[in-house]
Amino acid sequence: MTAKILDGKSLAAEVRAGVKANVAGLASRGLRPGLAVLLAGDDPASKVYVRNKVRACEETGIRSERHEFPGDVSEKALLDKVAALNADPAVHGILVQLPLPAGVNSARILEAVSPRKDVDGFHAESMGALLSGAPGLVPCTPAGVMRLLEHAQVPLAGRRAVVVGRSNIVGKPLALLLLRKDATVTICHSKTRDLETIARQADILVAAIGRPKLVTAGMVKPGACVIDVGINRLADGSLAGDVDFAAVREVAGWITPVPGGVGPMTIAMLLENCLLAATK
Ligand code: NAD
């Protein structure tokens with residue numbers, strides 16, 4: 001069997017076109033969604049992520065503003081900026097690019113963002129809504145994974161889903177979203193024993209680990225849907241996911257490539273969250 005490729009690039013382009021049309025519709029009512037991005041320090045990957053997000057906003061007509069701070073920025077300066085953005089009616093979404101510099105308490109900054117403007121879905125109130133099944137802003141990467149699954153009509157209800165990785169930004173919220181769709185969900189992590197056996201039971205296997213090619217063909221049930229969230233930079237400069245794509249695609253029923261799978265969906269979901277925050 002050769003797996004069907006879940007093409008995040010083309011689905012993300014569709015989502016972006018939809019956002020663009022909606023933004024144009026809002027303009028006729030005098031409303032322009034606005035996103036503010038906070039970036040602190042010199043992390044090169046963060047700079048690339050922020051540039052891509054700002055560019056995606058421009059393409060869809062969402063206004064964006066970037067607020068950059070040096071690596072030695074004080075927590076107070078960031079909190080003051082967040083407070084000003086919370087009060088600014090032209091700003092509908094606030095994104096704090098992680099990681100923040102050492103010495104800044106990231107949780108305190110994220111909790112300062114108004115939940116109404118929490119387009120990353122990292123605020124405790126957003127997390128609580130996700131847990132209880134209430135409507136709210138959902139973290140972008142997990143939302144993007146769910147959209148890919150839905151678009152490909154991968155059956156979820158009653159199926160066994162295994163999420164490898166338990167971070168607050170990917171693994172945990174994704175497990176909750178899969179549960180919402182009636183999957184039977186197992187979360188695995190670095191202390192899980194016999195990962196291979198558990199992974200092989202999965203109808204939907206998600207890798208959100210950050211270890212290149214950790215998921216091998218032997219860990220995949222034939223016909224399963226394999227979602228690779230990982231983005232790993234190899235020594236030769238190339239990108240690899242957490243899944244051994246070449247081998248696993250011969251076993252799986254569906255698979256996401258890296259790049260071109262989950263990554264583009266993350267930004268597309270951010271744009272949708274900005275739209276949602278502006279129109280709520
Ligand atoms: P994280 O470091 O916060 O969490 C990694 C998780 O993997 C942890 O819960 C840990 O317990 C688990 N883990 C580590 N080693 C393991 C092992 N040997 N076996 C089983 N579990 C193990 O990472 P994160 O922020 O959740 O990101 C995970 C990956 O996804 C990274 O490669 C990151 O770059 C990528 N990512 C991609 C996107 C995207 O848009 N595609 C978005 C966010 C993160």
Side-chain angles (χ1 to χ4, degrees), residues 5-9 11-13 15-16 37 43-53 55-56 95-100 106-107 110 119-122 127 130 138-149 161-178 185-202 205-216 218-220 226-235 237-245 255-273:
I5 304 291
L6 298 177
D7 182 354
K9 208 172 159 189
L11 182 57
V15 172
R16 285 157 79 141
V37 182
D43 181 47
S46 291
K47 288 193 170 187
V48 173
Y49 291 141
V50 167
R51 196 167 61 227
N52 290 343
K53 288 167 187 172
R55 192 179 299 153
L95 186 155
V96 180
Q97 183 64 44
L98 300 175
L100 288 172
S106 302
L110 294 176
V119 285
D120 255 339
F122 295 161
M127 295 273 196
L130 185 58
V138 172
C140 303
T141 301
V145 170
M146 295 308 290
R147 190 66 65 85
L148 274 169
L149 293 170
V162 173
V163 178
V164 190
R166 58 174 162 184
S167 71
N168 286 343
I169 63 171
V170 189
K172 280 188 216 163
L174 182 53
L176 290 169
L177 290 170
L178 287 162
V185 184
T186 302
I187 304 177
C188 298
H189 46 80
S190 55
K191 304 281 190 298
T192 296
R193 288 189 194 164
D194 202 3
L195 178 63
E196 185 158 342
T197 303
I198 300 170
R200 262 189 83 84
Q201 294 168 7
L205 178 62
V206 180
I209 310 160
R211 302 269 187 282
K213 300 188 183 181
L214 186 131
V215 174
T216 57
M219 295 167 73
V220 175
V226 180
I227 302 287
D228 191 353
V229 180
I231 303 178
N232 306 291
R233 183 74 64 187
L234 302 184
S238 63
L239 282 186
D242 290 342
V243 175
D244 181 356
F245 181 84
I255 191 168
T256 58
V258 177
V262 176
M265 293 304 295
T266 297
I267 293 192
M269 294 298 108
L270 171 68
L271 300 173
E272 277 203 351
N273 276 354

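Note that these values count all heavy atoms, side chains included, but never hydrogens, waters or copies made by symmetry. Whatever order the structure lists ligands and atoms in, that order sets their numbers, starting from 1. Note that the coordinates shown come from a computational prediction; the quantities given were computed from them, not determined experimentally.
For the pair P99/S46, a side-chain contact is recorded, criterion being any heavy-atom separation below 4.5 Å from C-beta on. Residues P142 and L130 fail the side-chain proximity criterion, which asks for heavy atoms closer than 4.5 Å. Inter-residue side-chain proximity for Y49 and V37 is flagged as unmet; no heavy-atom pair is nearer than 4.5 Å.
Interface atoms of ligand 1 facing V164, defined by a heavy-atom separation under 4.0 Å, are 20 (C), 21 (N). In the vicinity of T266, heavy-atom distances shorter than 4.0 Å reach the ligand 1 atoms 39 (C), 40 (O). With ligand atoms numbered from 1 in the order given, ligand 1 contributes 40 (O), 41 (N) to contacts under 4.0 Å with heavy atoms of G263. Residue G230 approaches ligand 1 through these ligand atoms, each under 4.0 Å from one of its heavy atoms: 29 (C), 30 (O), 32 (O), 35 (C). Each of the atoms 5 (C), 6 (C), 7 (O), 28 (C) of ligand 1 lies under 4.0 Å from some heavy atom of A208. Taking every heavy atom of I169 and a limit of under 4.0 angstrom, the matching atoms of ligand 1 come to 25 (O). Close approach of ligand 1 to L214 (heavy-atom distance below 4.0 Å) involves ligand atoms 18 (N). Distances below 4.0 Å separate heavy atoms of N232 from the following atoms of ligand 1: 32 (O).
Close N/O approach between I231 and ligand 1 is found [any backbone or side-chain N/O within under 3.5 Å]. Considering both main-chain and side-chain atoms, S167 comes within under 3.5 Å of ligand 1 through a nitrogen or oxygen pair.
For atom 8 (C) of ligand 1, the closest non-hydrogen atom on the protein side is R166 N, 4.0 Å. Counting only heavy atoms of the protein, atom 16 (C) of ligand 1 lies nearest to I209 CG2, 3.6 Å. In terms of protein heavy atoms, atom 11 (O) of ligand 1 is closest to S190 N, 3.0 Å. Atom 21 (N) of ligand 1 has as its closest protein heavy atom H189 C, 3.1 Å. Atom 31 (C) of ligand 1 has as its closest protein heavy atom G210 CA, 3.7 Å. Of the protein's non-hydrogen atoms, T141 OG1, 3.2 Å is the one closest to atom 42 (C) of ligand 1. Nearest protein neighbour of atom 43 (C) of ligand 1, counting heavy atoms only, is V170 CG2, 3.8 Å.
Of all the heavy atoms of V229, the ones lying under 4.0 Å from any atom of ligand 1 are found in both the backbone and the side chain. Under 4.0 Å from ligand 1, not a single heavy atom of T192 appears. Residue R211 touches ligand 1 through its side chain alone, judged by heavy-atom distances below 4.0 Å.
Heavy atoms only, all atoms of each residue included: I198 and R193 are closest at CD1-O, 3.8 Å. The shortest heavy-atom contact between G165 and I187 is O-CG2, 3.8 Å. When all heavy atoms of V185 and V163 are compared, the closest pair comes out as CG1-CG2, 4.4 Å. Residues G241 and D228 come closest through the heavy atom pair CA-OD2, 3.2 Å. Across all their heavy atoms, V258 and A240 have their closest contact at CG1-C, 4.0 Å.
With hydrogens and angles ignored, the 3.5 Å screen pairs no side-chain donor or acceptor of D120 with any backbone N or O of L95. Checked by atom type and distance alone, the side chain of R200 pairs as donor or acceptor with a backbone atom of G218 at under 3.5 Å. The main-chain N or O of K213 is never found under 3.5 Å from a side-chain atom of D244 such that the two would form a donor-acceptor pair.
Annotation: the span from R16 atom CZ to I267 atom CD1 amounts to 6.5 Å, rounded to 0.5 Å.
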